[in-house]
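Please read the structure below before turning to the comments.
What's counted below: heavy atoms across the whole structure, side chains too, no hydrogens, waters or symmetry copies.
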Amino acid sequence: MIETERLTIRYLQEEDLERMLEYRNKREVAKYQSWKHYSEREARSRIHYVQKHPFVGGAKDNTQFAIVLKDGTLIGDLHLEALSSSCITIGYTLDSTYWKQGYGRESVRALLNYIYTHYEYTKCIAYIYKANEASRRLLLDLGFKKFDESYLYRDEGYVVRLDEVIK
């Protein structure tokens, strides 16, 4: 579990199902994700996977963390996947009700700090859709640099050395 001033970041739990479906199926949230509709079956499967396979940092290991306000409200989630022994990739989804309040930046910064202090990874990658200006600002503010662009998928890749972010 990761704690910040306003948030708790923890593994997804069964009781997160309804809330996760609610925010992931908002049109404005799905617009910048790889899905148009996030099904109950997909959410349930993801939650069960996370519960049965805690993240240990091995090759291709992955997990999903819940972003929770201190009052217990689930407001989003963070994806974490090991690409190699030195590189990790992250993704994030935040309920649009909580956009522009600093929760995305706070949760991603906390996740990067957690990765840096608990694992041997030196580099982190994140891909975003080119049209997602808020996500681009978040990554650039945290020290990420653009390294890739795909015209086919209309996305951009950003990378950061973890020791440059965590000071």
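Here the closest non-hydrogen pair linking I2 and A110 is CG2-CB, 3.8 Å. Here the closest non-hydrogen pair linking K123 and V159 is CG-CG2, 3.3 Å. Taking each heavy atom of L12 and M20 in turn, the nearest pair found is CD1-CE, 3.9 Å. For G58 against A82, the heavy-atom pair with the smallest separation is O-CB, 3.2 Å. When all heavy atoms of G143 and V160 are compared, the pair lying nearest together is O-CG2, 3.5 Å. The nearest pair of heavy atoms linking S96 to V29 is N-CG2, 3.6 Å.
R105 has its side chain within reach of D141: a pair of non-hydrogen atoms, C-beta onward, lies under 4.5 Å apart. By the 4.5 Å heavy-atom criterion applied to side chains, F147 and I125 are counted as neighbours. Between C124 and L112 there is a side-chain heavy-atom pair separated by less than 4.5 Å. Side-chain atoms of L17 and I47, non-hydrogen and from C-beta on, do get closer than 4.5 Å to each other. The shortest distance between side-chain heavy atoms of L138 and F144 does not fall below 4.5 Å. The shortest side-chain heavy-atom distance between L139 and Y92 falls under the 4.5 Å cut-off. By the 4.5 Å heavy-atom criterion applied to side chains, L7 and I75 are counted as neighbours.
Within the 3.5 Å criterion, the main-chain N or O of R6 finds a donor-acceptor partner in the side chain of E106. A donor-acceptor pair under 3.5 Å is formed between the side chain of S107 and the backbone N or O of Y103. Panel note: side chain N25, backbone Y38; a donor-acceptor pair is recorded below 3.5 Å.
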Candidate pair T89 and E81, rule side chain to side chain donor-acceptor pair (under 3.5 Å), full reasoning: CA-CA 5 Å; T89 186; E81 183 174 350; over 6 Å; no
Verdict with reasoning, N62 to L80, per side-chain contact (heavy atoms from CB on, under 4.5 Å): CA-CA 5 Å; N62 72 86; L80 180 62; over 6 Å; no
Stepwise side-chain contact (heavy atoms from CB on, under 4.5 Å) check, V68 with I9: CA-CA 6 Å; V68 183; I9 299 168; over 6 Å; no
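When each of R19, Q13, E18, E15 is checked for a side-chain contact (heavy atoms from CB on, under 4.5 Å) with L74, only R19 meets the rule.
Between the side chains of T97 and K26, a donor-acceptor pair is found at a separation under 3.5 Å. If you check the side chains of S45 and E42, you find no donor sitting under 3.5 Å from an acceptor. A donor and an acceptor atom, one from each side chain of Q33 and T93, are located under 3.5 Å apart. Side-chain atoms of D148 and Y158 include no donor-acceptor pair closer than 3.5 Å.
Residue E28 places its CD atom among more than 12 non-hydrogen atoms of other residues, nucleotides or ligands, all under 6.0 Å distant. Atom CD of E14 is surrounded by more than 12 heavy atoms from other residues, nucleotides or ligands within 6.0 Å.
Scanning for ring pair (Phe, Tyr, Trp, His ring centres under 6.0 Å) contacts around F65 gives Y11, with sequence neighbours left out. Scored by the side-chain contact (heavy atoms from CB on, under 4.5 Å) test, N132 finds Y32, A134, S135 as partners (sequence neighbours excluded). Partners of D16 according to the side chain to side chain donor-acceptor pair (under 3.5 Å) rule, which considers only residues two or more places apart in sequence or in another chain, are R10. The ring pair (Phe, Tyr, Trp, His ring centres under 6.0 Å) test applied to Y121 returns Y119, not counting sequence neighbours. Residues passing the side-chain contact (heavy atoms from CB on, under 4.5 Å) test with E3, sequence neighbours excluded: M1, T8, K70. Looking at residues two or more places apart in sequence or on another chain, you find no side chain to side chain donor-acceptor pair (under 3.5 Å) involving R109.
Between R46 and D77 there is no salt bridge, since no side-chain nitrogen of the basic residue lies less than 4.0 Å from a carboxylate oxygen of the acidic one. Between K130 and E156 there is no salt bridge, since none of the side-chain N atoms of the basic residue sits less than 4.0 Å from a carboxylate O of the acidic one.
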